[in-house]
Undergrad: 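Quick one: this structure, given as structure tokens, is what I'll be asking you about.
What you are looking at is a predicted structure, and each value in this text was computed from that prediction instead of being measured.
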Amino acid sequence: MAEEMAAGAWAGLVGTVLGYPLDVVKGRMQTGKGIAESGAKASFGRTFVNMARTEGVAGMYRGLGPPVCMMMVMNSMNFGAFYWARERLAGPEPVGWGTEKGGIDWRVVAAATSVGPLC
């Protein structure tokens with residue numbers, strides 16, 4: 001289960017680092033801070049370019065620490081819980097596409113459904 005939890009932590013780290021600048025731009029637009037100085041309506045592209053020019057890469061990642069920590073913990077718990085539930089419901093043998101038991105296995109779906117509400 002440690003491998004699954006480590007994979008979840010990495011997924012949280014990579015996903016947050018890649019998506020965070022987009023979330024910052026969205027937040028700027030929602031608060032009205034994405035409006036160009038000329039008074040033009042703020043678009044996602046204009047806000048992104050303006051932020052990149054004025055604040056640089058550092059501005060796009062300001063405040064990244066807490067979301068990264070949260071997503072790493074949340075994803076590691078979710079991956080670990082899914083692994084635990086899948087082993088209890090489906091057993092240790094591989095199931096699903098690419099195995100001898102092809103197709104969708106209801107036990108894997110049940111495991112995913114049971115851990116989805118955790119986070």
Undergrad: CG of Leu89 to CH2 of Trp106: how many Å apart, nearest 0.5 Å?
TA: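 It is 6.5 Å, given to the nearest 0.5 Å.
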
Undergrad: Hydrophobic clusters here meaning ILVMFWY residues chained together by side-chain heavy-atom distances under 4.5 Å, can you tell me if Val25 and Val68 are in one?
TA: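 Yes, because Val25 and Val68 connect within a single hydrophobic cluster, where side-chain heavy atoms sit under 4.5 Å apart.
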
Undergrad: In a table with atom names and distances, give each donor-acceptor pair under 3.5 Å that connects a side chain of residues 3-16 to protein atoms at least two apart or in another chain.
TA:
{"unit_1": "Thr16", "atom_1": "OG1", "unit_2": "Gly12", "atom_2": "O", "d": "2.7"}

Undergrad: May I have the step-by-step check of side chain to side chain contact (heavy atoms under 4.5 Å, CB included) for Tyr20 and Met60, ending in yes or no?
TA: CA-CA 7 Å; Tyr20 195 75; Met60 293 182 185; over 6 Å; no

Undergrad: Assess the residue pair Glu87 and Met1 against the criterion (side chain to side chain contact (heavy atoms under 4.5 Å, CB included)); give the C-alpha distance rounded to whole Å, side-chain angles, the decisive distance to 0.1 Å, and a yes or no.
TA: CA-CA 10 Å; Glu87 273 206 337; Met1 181 174 348; over 6 Å; no

Undergrad: Ignoring hydrogens, what is the shortest heavy-atom contact between Val115 and Phe82? Give both atom names and the distance.
TA: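 Result for this residue pair: CG1-N, 3.6 Å.
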
Undergrad: To the closest 0.5 Å, what do you measure between NZ (Lys26) and CG (Asp23)?
TA: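 Those atoms lie 4.5 Å apart.
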
Undergrad: Show your working on side chain to side chain contact (heavy atoms under 4.5 Å, CB included) between Tyr61 and Val17 and close with a plain yes or no.
TA: CA-CA 8 Å; Tyr61 286 100; Val17 167; 4.2 Å; yes

Undergrad: First locate atom CE of Met29, then atom CZ of Phe44, and finally report the distance between them rounded to the nearest 0.5 Å.
TA: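 Going from the CE atom of Met29 to the CZ atom of Phe44 covers 7.5 Å.
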
Undergrad: When rounded to the nearest 0.5 angstrom, what is the spacing between CZ in Arg88 and OG in Ser114?
TA: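 One finds 11.5 Å between CZ of Arg88 and OG of Ser114.
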
Undergrad: Is there a side chain to side chain contact (heavy atoms under 4.5 Å, CB included) between Arg28 and Met51? Walk through the geometry before answering.
TA: CA-CA 9 Å; Arg28 298 272 174 100; Met51 192 170 68; 3.3 Å; yes

Undergrad: Is it the case that atom CZ in Phe48 sees more than 12 heavy atoms from other parts of the structure closer than 6.0 Å?
TA: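 No, CZ of Phe48 has 12 or fewer neighbouring heavy atoms, counting only those of other groups under 6.0 Å.
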
Undergrad: List in chain and number order the residues that pass side chain to side chain contact (heavy atoms under 4.5 Å, CB included) with Val109, two or more places apart in sequence or in another chain; answer none if no residue qualifies.
TA: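 Scan of Val109 (side chain to side chain contact (heavy atoms under 4.5 Å, CB included), adjacent residues dropped) gives Ile104, Thr113.
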
